[in-house]
2 protein chains.
Amino acid sequence: MTRLTIKEISKLANVSVSTVSRVLNDKSDVNEETKRKVLRIIDQYGYIPNSNAKHLKQICSNIICIIVKGMQNMFLEPIVEEMQSQINKTKYISLIYFIDENESEVDVAYRLITEKKPVGIIFLGGSPSLKADMYKDMEVPCIFATMSAEGMNLDNVSSVCIDDKAAAKKAVDYLFEMGHRDIAILGGRLLDKDSIFKRFMGAMESYREHGEEFNEKLFIQSKFTYDEAYAAVDRSLQPDQPKYTAIFAMSDIMAIGAAKAIFENGQSVPDDISIIGFDGIALTQYYNPTLATIKQPSVDIAHKSVDLLIQNIENKKTAHNIVLGTELIKGESIKCMLCR
Amino acid sequence: MTRLTIKEISKLANVSVSTVSRVLNDKSDVNEETKRKVLRIIDQYGYIPNSNAKHLKQICSNIICIIVKGMQNMFLEPIVEEMQSQINKTKYISLIYFIDENESEVDVAYRLITEKKPVGIIFLGGSPSLKADMYKDMEVPCIFATMSAEGMNLDNVSSVCIDDKAAAKKAVDYLFEMGHRDIAILGGRLLDKDSIFKRFMGAMESYREHGEEFNEKLFIQSKFTYDEAYAAVDRSLQPDQPKYTAIFAMSDIMAIGAAKAIFENGQSVPDDISIIGFDGIALTQYYNPTLATIKQPSVDIAHKSVDLLIQNIENKKTAHNIVLGTELIKGESIKCMLCR
DNA sequence: ATGAAAGCGCTAACAA
DNA sequence: TTGTTAGCGCTTTCAT
């Protein structure tokens with residue numbers, strides 16, 4: 001298998017390489033007829049331009065890179081797909097990279113900038129709070145999707161996310177409304193400033209507003225996986241641990257892990273313990289019992305991210321942080337303690 | 001932000017570009033001391049080679065590409081991750097591409113071959129049964145993971161998969177053993193030769209062996225999503241449709257969609273209808289009730305695929321089709337009709 | 001063991 | 001509107 005080059009195509013079409021290049025890049029200054037001729041040859045021989053050569057030379061492309069942190073994240077995947085389809089409706093081209101939880105998105109971004117010369121980058125997932133100046137150095141318009149860039153004060157970085165604190169508060173408020181008083185919080189490690197921390201603060205605020213004191217032992221820490229949530233909740237169900245009648249889980253996956261622990265301890269969801277999740281993945285509606293959750297506006301996040309990025313690319317507009325609302329989805333996983 | 005080039009590094013290190021290039025590619029014929037010096041400069045200035053330029057010139061790399069069909073596939077994701085970690089233990093480098101359900105993996109492979117010059121390609125998911133000669137043209141060792149290359153007779157294409165027919169038969173056999181007689185089959189479109197078809201044939205064989213006739217109306221067709229499975233099963237539960245006491249679903253996701261339809265019709269899993277899934281994703285153990293399933297050996301598929309590919313790359317061994325066994329995982333989703 | 005120099009396939013001035 | 005040509009940053013002969 002040996003592929004054709006632009007030179008060979010140009011010979012075949014009886015034009016110069018630059019003319020072929022112009023056709024390839026849809027430049028305006030090329031005769032309609034010549035264009036058609038070249039296009040025909042290209043099609044006929046199944047020519048595909050070598051993108052290495054293209055990007056090696058080209059200063060600026062119409063590529064938008066999406067860097068997704070976490071491959072196995074059911075919440076992010078629909079967002080990626082929506083972003084991709086949005087971008088594909090425009091003149092821009094989307095390029096998606098999945099990176100590992102412990103890879104640095106900034107490093108990947110840097111590599112991508114030299115390799116693909118993108119005009120914009122969307123960072124989806126993760127929590128790149130630190131290393132602010134590295135983003136500035138990139139000089140490429142960036143969007144943080146699902147995480148805030150507030151306070152970073154970089155004029156090439158915008159963000160589209162939810163108000164994590166308010167959303168978490170909404171979840172816990174709902175549990176209080178349903179008559180629960182001992183509400184456990186199932187979440188990740190509390191690091192200053194990130195979403196997890198904000199969600200925790202939201203829960204605390206709800207506790208405060210309802211005049212209840214939070215027993216610190218009711219914070220159950222775990223990673224965002226079924227297994228870890230299961231194990232952590234299982235431990236919290238031991239006789240020596242404080243009792244609770246409801247759990248606010250910081251992700252739906254965690255909520256499902258928690259539910260299994262509850263079942264295996266011979267208890268029922270929601271009769272013994274109610275659960276509310278977070279994110280609003282499709283599975284919540286297919287789980288048994290259906291899982292109450294705080295639904296993040298995935299589609300909106302995707303659309304707003306793409307729109308904002310393109311605006312920033314084209315108008316060189318200044319950075320902007322968009323905060324979107326969440327929706328409380330009720331479900332069978334919550335029992336009302338007040339209803340007789 | 002402006003990145004260093006090999007030329008600048010060479011100046012900084014007081015050597016020629018070719019020497020830097022040699023160091024970069026770990027060639028043997030370079031003085032240890034020179035090498036250290038260059039490496040130090042590279043590290044100090046955080047130099048990253050431009051991969052476009054590299055691949056533009058380079059004939060052969062140590063890159064293995066993994067082309068994954070279907071981004072939102074909970075069954076494939078752990079396999080990808082395992083492959084990646086396996087490859088990273090060797091001298092090879094993994095490059096992962098997620099493609100859409102309706103993109104052509106062959107086209108992507110072709111593009112990748114010119115762009116990245118991979119020494120091998122793994123195709124994960126999908127069903128590239130047709131277009132056999134296009135694979136031959138690639139001349140690069142390929143592995144089909146989770147689908148068979150049997151009968152394609154290409155000496156650069158090997159495969160690692162399960163025996164879909166036997167696995168499906170095992171599932172339906174189990175339902176028969178549990179005393180079920182009217183077993184519905186929930187699957188995708190039946191296209192000659194692909195996994196779905198083989199699974200269907202396996203189910204038919206089980207029916208035959210158990211001396212039962214299969215009522216064609218018990219084949220419930222749907223795509224491999226919660227929604228579609230839910231809708232299809234919901235329709236099959238209408239009063240005018242034939243009754244059944246068990247479902248064999250061709251994927252765990254379908255099984256969960258089916259379960260919801262059953263719940264919403266006021267019936268129980270497994271008291272009214274038993275369900276067995278396929279694939280063995282983690283969720284089956286976290287679902288309520290736990291879902292019986294046919295577990296594909298994901299880790300093994302990943303390992304064998306990588307091993308076989310590397311063997312083929314290094315020894316130019318002839319193609320080989322590996323068939324791995326599956327495991328029946330029992331679960332609460334199945335009721336024994338014989339036990340009193 | 002190292003350097004000089006010729007491209008890899010393409011884009012983007014610059015000329016025509 | 002089209003052609004000519006000089007690189008983009010790297011690898012790889014071929015000298016030395």
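Every chain is numbered from 1, with letters handed out A, B, ... down the list of sequences. Every heavy atom of this structure was used, including side-chain atoms; hydrogens, water molecules and symmetry mates were not. Only a predicted model underlies this, so the values are computations on that prediction, with no experimental measurement involved.
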Exercise. Whole Å only: how far is the CD atom of A/Glu32 from the P atom of D/dT2?
Worked result: 10 Å
Problem set entry | Distance in angstrom units between B/Lys11 NZ and D/dG9 P, rounded | 12 Å
Exercise. Does B/Ser21 place a side-chain N or O at less than 4.0 Å from the phosphate oxygens OP1/OP2 of D/dT11?
Worked result: yes
Problem set entry | Short side-chain N/O contact to D/dT11 OP1/OP2 from B/Asn25, under 4.0 Å | yes
For this session: Give a yes/no on whether any side-chain N or O of B/Ser16 is located under 4.0 angstrom from OP1 or OP2 of C/dG3.
Result: yes
Problem set entry | Nucleotide D/dT1, atom C1' - distance to CZ of A/Arg22 in whole Å | 8 Å
For this session: Could you tell me the separation between the CD atom of A/Glu115 and the P atom of D/dC8, rounded to a whole number of Å?
Result: 18 Å
For this session: Pick base, sugar-phosphate or nothing for B/Val20, based on heavy-atom distances below 4.0 Å to the nucleic acid.
Result: nothing
For this session: Report yes if a side-chain nitrogen or oxygen of B/Lys57 is closer than 4.0 Å to either non-bridging phosphate oxygen (OP1 or OP2) of D/dT12; otherwise report no.
Result: no
For this session: Mind calculating the distance between NZ (B/Lys54) and P (C/dC8) to the nearest angstrom?
Result: 19 Å
For this session: Just grab all the salt bridge (Lys or Arg N to Asp or Glu O under 4.0 Å) pairs involving residues 62-73 of chain B, residues at least two apart or on different chains.
Result: B/Lys69-B/Glu105
Exercise. Could a donor-acceptor pair under 3.5 angstrom be found where the side chain of A/Thr19 meets the base of D/dT1?
Worked result: no
Exercise. Can B/Lys54 and A/Asn52 be counted as having a side-chain donor-acceptor contact under 3.5 angstrom?
Worked result: no
Exercise. Can A/Ser18 and A/Ser21 be counted as having a side-chain donor-acceptor contact under 3.5 angstrom?
Worked result: no
Problem set entry | 5'-most by nearest nucleotide on DNA chain D - A/Lys35 or A/Val17 | A/Lys35
Exercise. For DNA chain C, whose closest nucleotide is more 5', that of B/Val15 or that of B/Ala53?
Worked result: B/Val15
Exercise. Would you say the side-chain atoms of B/Asn321 and B/Ser159 include a donor-acceptor pair closer than 3.5 Å?
Worked result: yes
Exercise. Using a cut-off of less than 4.0 Å, is there contact between a side-chain N or O of B/Thr34 and OP1 or OP2 of C/dT2?
Worked result: yes
Exercise. Take atom NZ in B/Lys37; do more than 12 heavy atoms of anything else shown fall under 6.0 Å from it?
Worked result: yes
Exercise. A/Tyr47 side chain N/O closer than 4.0 Å to the phosphate oxygens (OP1, OP2) of C/dG9?
Worked result: no
Exercise. Has the side chain of B/Ser18 got a donor or acceptor that lies under 3.5 Å from a partner of the other kind on the base of C/dA4?
Worked result: yes
Seminar exercise, completed: Here the distance between atom P of C/dC10 and atom NZ of A/Lys116, to the nearest Å, is 14 Å
Problem set entry | Phosphate-side-chain proximity, A/Lys27 and D/dT2, N/O vs OP1/OP2 below 4.0 Å | no
Exercise. How long is the line joining CD1 of A/Ile42 and C1' of C/dC10, in whole Å?
Worked result: 13 Å
Exercise. Taking atom P of C/dG9 as reference, at what distance in whole Å does atom CD1 of A/Ile6 sit?
Worked result: 11 Å
